[in-house]
**Student:** 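Shown below is the structure under consideration.
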Amino acid sequence: MAESRRLGKADLTLPCKEMAHYLLGKILARKLDNGAVLKGRIVETECYLGGEDKASHSYNGRQTPGNEPMYMPSGTTYVYFTYGMYFCFNISSIEPGAVVLIRAAEPLQGLETMAKFRSVKKKGVLKETELCNGPSKLCIAMNMTKQNCNKMDLCESEVLWIEDDGGKVEEKEIVISTRIGIASAGEEWAGKPLRFYVLSNPHVSKRDKKAERELS
DNA sequence: ACAGTGATTGGCT
DNA sequence: GCCAATCACTGTG
C-alpha cells in the first residue's frame with residue numbers, strides 16, 4: 001500500500017469548487033474512541049455556496065447557531081442533523097458560508113466495523129458498495145455525528161483528518177452533475193452543475209448517465 | 001431499473 | 001408549526 005500524507009492547512013485552504021474537485025480521491029480517516037481507524041476514499045462531493053445558493057443553509061448570508069462552522073476557517077467540519085434521524089458531513093472552504101458535502105466514499109480500512117455500524121434489519125449481507133454510498137450512510141458507517149465530529153479542524157483533529165496516498169483522479173474521470181435532494185430550492189439552483197463524482201466508481205450514490213455520456 | 005412512500009425529530013421562523 | 005443536502009422498503013414493469 002502506498003504511503004499516505006496527512007493534509008494540512010496549505011492543502012485544505014481552497015475555494016469551494018476547487019475543494020470539491022481536490023477532495024475526490026483523497027482519504028477520509030476517522031479514529032474511533034477505541035482507537036480503531038476507519039478509512040474511505042472520497043468519490044463524490046457537492047458544493048453548497050453562500051449567498052445566492054438557495055439550496056445552501058447559508059443562503060442569503062443566513063447565520064444561525066447551527067450553521068456556524070460554515071463560516072469558520074477552510075478545513076473545518078460542518079455536521080448537521082436532518083430528516084429526523086440522519087447526519088451529513090461537510091467541509092468548509094475559504095469562502096464564507098460555502099462548504100463541500102461529502103456524499104460517498106470507497107471503504108478502505110475497517111470494513112467490518114463499518115458494516116456493524118451500518119447493519120440494518122434487512123436479511124442478508126450488506127454489499128461493500130452499500131456501506132458508504134450516500135452522505136448519511138457514510139456518517140453511519142464511520143460513526144460521525146454532530147456530537148462527535150462537528151466544528152473540528154481537519155488539520156489538527158485527533159479523530160478526523162484527510163490523507164493523500166497519491167491516488168489520482170484525472171480531470172476527465174470527474175463527472176459533473178446536479179445536486180441531489182434539493183428540488184425545493186427551485187429549478188435554477190437545483191439545475192446547477194455542483195455535484196462531482198468519479199466516473200464509473202461503484203461506490204457513488206447516484207449516477208447521471210447523461211452527464212457520463214457527454215463526458216466521453 | 002425505477003417510482004412512490006413512511007419514518008422521525010431538531011432547529012428555525 | 002413546518003419541514004428537511006436521506007434511507008430502506010415496497011410495488012410495478
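Numbered from 1 within each chain, the chains take letters A, B, ... in sequence-line order.
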**Student:** Could you pull out all residues at least two apart from A:Thr145 that satisfy side chain to side chain donor-acceptor pair (under 3.5 Å)?
**Tutor:**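 A:Thr145 satisfies side chain to side chain donor-acceptor pair (under 3.5 Å) with A:Gln147, A:Asn148 once adjacent residues are dropped.
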
**Student:** Once side-chain contact (heavy atoms from CB on, under 4.5 Å) is applied, do any residues pair with A:Lys31, and if so which ones, sequence neighbours excluded?
**Tutor:**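 Once residues adjacent in sequence are excluded, the partners of A:Lys31 under the side-chain contact (heavy atoms from CB on, under 4.5 Å) criterion are A:Val37, A:Trp161.
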
**Student:** Kindly say whether A:Gly61 contributes a backbone atom to a donor-acceptor pair with the side chain of A:Ser58 at under 3.5 angstrom?
**Tutor:** no

**Student:** With a 4.0 angstrom cut-off to heavy atoms of chain A, pull out the first and last contacting nucleotide of DNA chain B, in 5'-to-3' order.
**Tutor:**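 Answer, 5' to 3': B:dC2 to B:dT13.
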
**Student:** Tell me, do A:Cys132 and A:Met114 make a side-chain contact under 4.5 Å, heavy atoms counted?
**Tutor:**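 Yes - at least one pair of side-chain heavy atoms lies under 4.5 Å apart.
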
**Student:** Let me have the donor-acceptor pairs involving side chains of residues 181-190 of chain A, under 3.5 Å, with sequence neighbours excluded, atom names and distances please.
**Tutor:**
from, atom 1, to, atom 2, distance (Å)
A:Trp189, NE1, A:Glu52, O, 3.3

**Student:** I'd like to check the salt bridge (Lys or Arg N to Asp or Glu O under 4.0 Å) partners of A:Glu212; sequence neighbours left out, ordered by chain and number.
**Tutor:**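 So A:Glu212 forms a salt bridge (Lys or Arg N to Asp or Glu O under 4.0 Å) with A:Arg207.
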
**Student:** What residues, two or more places apart in sequence or in another chain, satisfy salt bridge (Lys or Arg N to Asp or Glu O under 4.0 Å) together with A:Glu163?
**Tutor:** A:Lys39

**Student:** Which protein N or O atoms sit under 3.5 Å from an N or O of nucleotides 10-13 of chain C?
**Tutor:**
none

**Student:** Do the non-hydrogen side-chain atoms of A:Ile140 and A:Phe87 ever get within less than 4.5 Å of each other?
**Tutor:**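 No - every pair of side-chain heavy atoms lies 4.5 Å or more apart.
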
**Student:** Applying a 4.0 Å non-hydrogen cut-off, can you work out what A:Arg195 is touching in the nucleic acid: base, sugar-phosphate, or nothing?
**Tutor:** nothing

**Student:** Do A:Arg41 and A:Lys26 come within less than 4.5 Å of each other through their side chains, counting heavy atoms only?
**Tutor:** no

**Student:** With sequence neighbours left out, write down each residue that passes side chain to side chain donor-acceptor pair (under 3.5 Å) with A:Arg103, or none if nothing qualifies.
**Tutor:**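 Expected list: A:Glu44, A:Ser205.
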
**Student:** Given that both pair distances must be under 3.5 Å and the pair must be Watson-Crick or G-U, what runs of three or more consecutive pairs involve DNA chain C?
**Tutor:** B:1-7 with C:6-12, B:9-12 with C:1-4

**Student:** Strictly below 4.0 Å, heavy-atom distances to any atom of DNA chain B: list the hits from residues 39-70 of chain A, or just say none.
**Tutor:**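 Within residues 39-70 of chain A, the residues near DNA chain B are A:Arg62, A:Thr64, A:Gly66.
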
**Student:** Between the side chain of A:Thr13 and the main-chain N/O of A:Ala10, is any donor-acceptor distance below 3.5 Å?
**Tutor:**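 No: the side chain of A:Thr13 does not pair with the backbone of A:Ala10.
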
**Student:** Tell me, which pairs form a side chain to side chain donor-acceptor pair (under 3.5 Å) where one or both residues lie in residues 77-93 of chain A, sequence neighbours left out?
**Tutor:**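 Sorted result for residues 77-93 of chain A: A:His57-A:Tyr78.
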
**Student:** Between residues 83-106 of chain A and DNA chain B, which residues have a heavy-atom gap below 4.0 Å?
**Tutor:**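 Heavy-atom cutoff 4.0 Å gives A:Tyr83, A:Gly84, A:Met85.
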
**Student:** Please check if any side-chain donor atom of A:Ser177 sits under 3.5 Å from a side-chain acceptor atom of A:Asp208, or the reverse.
**Tutor:** yes

